[in-house]
Amino acid sequence: MESTFIHSAMALGLTSKKVSSRNITVERKNLLTVCRFSVKTLLEKYTAEPIDDSSEEFVNFAAILEHILSHRFKGHVSWFSTDGQRGFWDYIRIACSKVTNNCISSIENMENISSARAKGRAWIRLALMEKRLSEYIVTALRDTRTTRRFYDDGAILLREESSVLTGMLIGLSAIDFSFCLKGEGIDGKTPAVIDYTPYLKFTQSYDYLSEDDDRESVGGSSSEDSSPEHPYLPLLTDEESWYCKWRKMEQKFRIVYAQKGYLEELVRLRESQLKNLEAENKRLTQRLTEQAEQSLQEKQQLEGVILELQEQLHSFLSTEHLSTELSLSSESQRLDGKQDGEPWGPIGKDPTPSMLGLCGSLASIPSCKSLPSLKSNECLVSNSSETSPTGSLS
């Protein structure tokens with residue numbers, strides 16, 4: 001009994017998972033299909049006049065896009081939102097911050113818009129006026145980590161269908177939009193509701209009808225008693241059929257022509273940006289070359305200064321060494337002179353000034369004393385090696 005209950009519970013769980021997966025898949029297909037129809041309707045409606053919030057086609061498109069961006073969004077409460085509600089704006093605010101010249105800060109600084117839902121709606125309108133809605137979403141989808149942080153598995157933005165969505169939105173860049181960001185369309189209190197009735201009109205294709213069926217239909221219509229084989233199909237003449245085909249071709253041509261104009265404008269913009277980047281690159285390359293030449297000149301100047309300083313240092317050391325050698329040589333000469341019997345003191349001066357007094361004392365001695373007496377008294381000391389020849393002759 002218990003095993004049967006467990007098996008039935010497991011089977012019920014698997015069935016519920018399959019149903020949930022099917023529901024998510026159907027939601028994705030429905031939203032993408034009505035989005036494609038809505039974009040096509042906007043392109044067909046567009047004329048020279050800009051589209052604003054008074055257009056029912058745009059209101060429906062904005063509701064569809066809001067549902068797509070909110071599909072499988074994680075959570076409904078956010079502590080950092082002013083109204084406590086967490087919406088796709090919290091994801092856009094982070095994921096689209098890397099877009100150059102983005103409008104995120106402008107929307108954050110709007111005084112009349114406080115809730116996350118209202119800011120998200122203002123962002124949709126402002127991105128359409130900037131013709132950059134597809135660029136914003138492409139940039140957000142590249143940040144896969146942030147996308148997975150805000151969306152559950154099965155969300156449109158986590159599936160390959162997201163590339164289809166961005167491809168649809170490129171065509172809207174050919175349309176001029178004009179919105180007042182203080183209107184009722186920015187109200188964040190009422191949820192967005194999609195109107196499916198414009199896209200539920202049944203259009204029957206007549207291509208499958210053979211020529212025999214056409215003849216039978218025409219023949220049956222001439223008779224009052226007989227009824228046509230297809231009672232609910234209106235009878236179209238060849239002229240009306242060709243007119244309908246012409247109208248469809250004209251609409252397709254207008255769409256393609258509008259997209260062609262947008263792409264040509266985008267190509268011109270990219271070419272101008274490329275030219276500006278090439279000019280900037282050339283200017284930076286020239287500046288880099290000038291900086292390299294200037295640094296080379298400064299290096300050469302510094303090397304010259306270093307060599308000059310080295311020469312001055314070498315000459316200073318040579319002079320110092322020479323002066324040291326001269327002082328040592330003079331000192332050695334003085335020492336040699338002392339050893340040879342030369343007097344101490346400077347050259348040219350009398351080294352024994354006390355001898356003058358001695359000479360004076362010798363002059364005052366009486367003449368009666370003879371030279372031998374003086375020698376005996378050891379008053380004079382004669383050098384035998386320096387005896388003059390006159391002394392030897394006497």
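The structure displayed is predicted, hence computed values, not measured ones. Both backbone and side-chain heavy atoms feed into the values below; hydrogens, waters and symmetry mates do not.
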Are V164 and M168 side-chain neighbours, meaning at least one heavy-atom pair lies under 4.5 Å?
-> yes
same_hphob_cluster(L157, L169) at 4.5 Å side-chain heavy-atom cutoff | yes
Smallest heavy-atom separation, A122 atom then L181 atom, equals O-CD2, 4.2 Å
Can you tell me how far SG of C244 sits from CE of M249, rounded to the nearest 0.5 angstrom?
-> 14.0 Å
Is a donor on one side and an acceptor on the other found under 3.5 Å between the side chain of K74 and the backbone of R148?
-> yes
To the nearest 0.5 Å, what is the distance between CG (D53) and OG (S55)?
-> 9.0 Å
Mind checking the CG-CG spacing from L158 to L141? Nearest 0.5 Å is all I need.
-> 8.5 Å
Given a cutoff of under 4.5 Å between side-chain heavy atoms of I, L, V, M, F, W and Y, with clusters grown through shared members, what are the other residues clustered with L322?
-> L326
Distance from Q273 atom CD to L266 atom CG, nearest 0.5 Å?
-> 8.5 Å
Taking E66 as the fixed residue, which of R121, K119, R125 is the one that meets the salt bridge (Lys or Arg N to Asp or Glu O under 4.0 Å) rule?
-> R121
H314 meets the side-chain hydrogen bond (donor to acceptor under 3.5 Å, both in side chains) criterion, sequence neighbours left out, with none
In a table with atom names and distances, give each donor-acceptor pair under 3.5 Å that connects a side chain of residues 293-307 to protein atoms at least two apart or in another chain.
| unit_1 | atom_1 | unit_2 | atom_2 | d |
| --- | --- | --- | --- | --- |
| S295 | OG | Q291 | O | 3.1 |
| S295 | OG | A292 | O | 2.6 |

Do you see a donor-acceptor pair shorter than 3.5 Å between the side chains of Y91 and D143?
-> no
Donor-acceptor list for residues 277-284 side chains, cut-off 3.5 Å, not counting sequence neighbours:
| unit_1 | atom_1 | unit_2 | atom_2 | d |
| --- | --- | --- | --- | --- |
| E280 | OE1 | R283 | NH2 | 3.4 |
| E280 | OE2 | R283 | NH2 | 2.4 |

Looking at residues at least two apart in the chain, or sitting in another chain, which of them share a side-chain hydrogen bond (donor to acceptor under 3.5 Å, both in side chains) with R72?
-> none
Of all residues at least two apart in sequence or in a different chain, which pass the side chain to side chain contact (heavy atoms under 4.5 Å, CB included) check with N23?
-> V19
Pairs meeting criterion side-chain hydrogen bond (donor to acceptor under 3.5 Å, both in side chains) with involvement of residues 164-178, two or more places apart = Y46-D176, K131-D176, S173-Y262
Are W89 and M129 grouped together when hydrophobic residues (ILVMFWY) are joined by side-chain heavy atoms under 4.5 angstrom apart?
-> yes
N102 (side chain) donor-acceptor with V99 (main chain) under 3.5 angstrom = yes
E27: what forms a side chain to side chain contact (heavy atoms under 4.5 Å, CB included) with it, not counting sequence neighbours?
-> H71
Can you list the residues that meet the side-chain hydrogen bond (donor to acceptor under 3.5 Å, both in side chains) rule with K260, with sequence neighbours excluded?
-> E264
Electrostatic pair E271:R268 at N-O distance under 4.0 angstrom | no
R28 (side chain) donor-acceptor with G154 (main chain) under 3.5 angstrom = yes
L172 and I194: same hydrophobic cluster, using ILVMFWY side-chain contacts below 4.5 Å?
-> yes
Are R142 and T147 close enough, and set up right, to give a side-chain contact (heavy atoms from CB on, under 4.5 Å), and what steps lead you there?
-> CA-CA 9 Å; R142 289 174 182 169; T147 307; over 6 Å; no
Is the F58 to F179 ring centre distance short of 6.0 Å?
-> yes
Between W123 and Y136, is a side-chain contact (heavy atoms from CB on, under 4.5 Å) present by the stated rule, with each step listed?
-> CA-CA 10 Å; W123 169 76; Y136 277 106; 3.5 Å; yes
Single-linkage hydrophobic cluster F88~L133, side-chain heavy atoms < 4.5 angstrom = yes
Under the side chain to side chain contact (heavy atoms under 4.5 Å, CB included) test, which residues partner D52, sequence neighbours left out?
-> S54
Atom CG of L69 and atom CD1 of I137: how far apart are they, to the nearest 0.5 Å?
-> 5.5 Å
Are Y151 and F73 close enough that their ring centers fall under 6.0 Å?
-> yes
Residues 30-43 side chain polar contacts: donor-acceptor under 3.5 Å, at least two apart:
| unit_1 | atom_1 | unit_2 | atom_2 | d |
| --- | --- | --- | --- | --- |
| N30 | ND2 | V26 | O | 3.3 |
| T33 | OG1 | K29 | O | 2.6 |
| T41 | OG1 | F37 | O | 2.7 |

Would you check if the side chain of D90 reaches a backbone N or O of G87 as a donor-acceptor pair within less than 3.5 Å?
-> yes
CD/E108: more than 12 non-hydrogen atoms of other groups inside 6.0 Å | yes
Are C96 and I104 side-chain neighbours, meaning at least one heavy-atom pair lies under 4.5 Å?
-> yes
Shared ILVMFWY cluster between I64 and I51, side chains joined below 4.5 angstrom?
-> yes
E135 backbone acceptor or donor facing T139 side chain under 3.5 Å | yes
Could you tell me which non-hydrogen atom of R117 sits nearest to which non-hydrogen atom of P191, and how far apart they are?
-> NH1-N, 3.5 Å
Distance in Å, L269 CG paired with L263 CG, rounded so as to fall on 0.5 Å steps = 12.5 Å
Side-chain donor or acceptor of N60 paired with backbone N/O of D195 under 3.5 Å = yes
Any chance you could lay out the side-chain contact (heavy atoms from CB on, under 4.5 Å) test for R149 and T146, step after step, and finish with the verdict?
-> CA-CA 5 Å; R149 185 159 61 93; T146 303; 4.2 Å; yes
If only atom types and distance count, is the side chain of S70 paired as donor or acceptor with the main-chain N or O of H67 below 3.5 Å?
-> no
Does the side chain of Y243 reach to within under 4.5 Å of the side chain of R247, using non-hydrogen atoms?
-> yes
Around N276, counting heavy atoms of other residues, nucleotides and ligands shown, do more than 12 lie under 6.0 Å from its CG?
-> yes
Those residues at least two apart in sequence (or on a different chain) that pass salt bridge (charged side-chain N to carboxylate O under 4.0 Å, His left out) with E44 are none
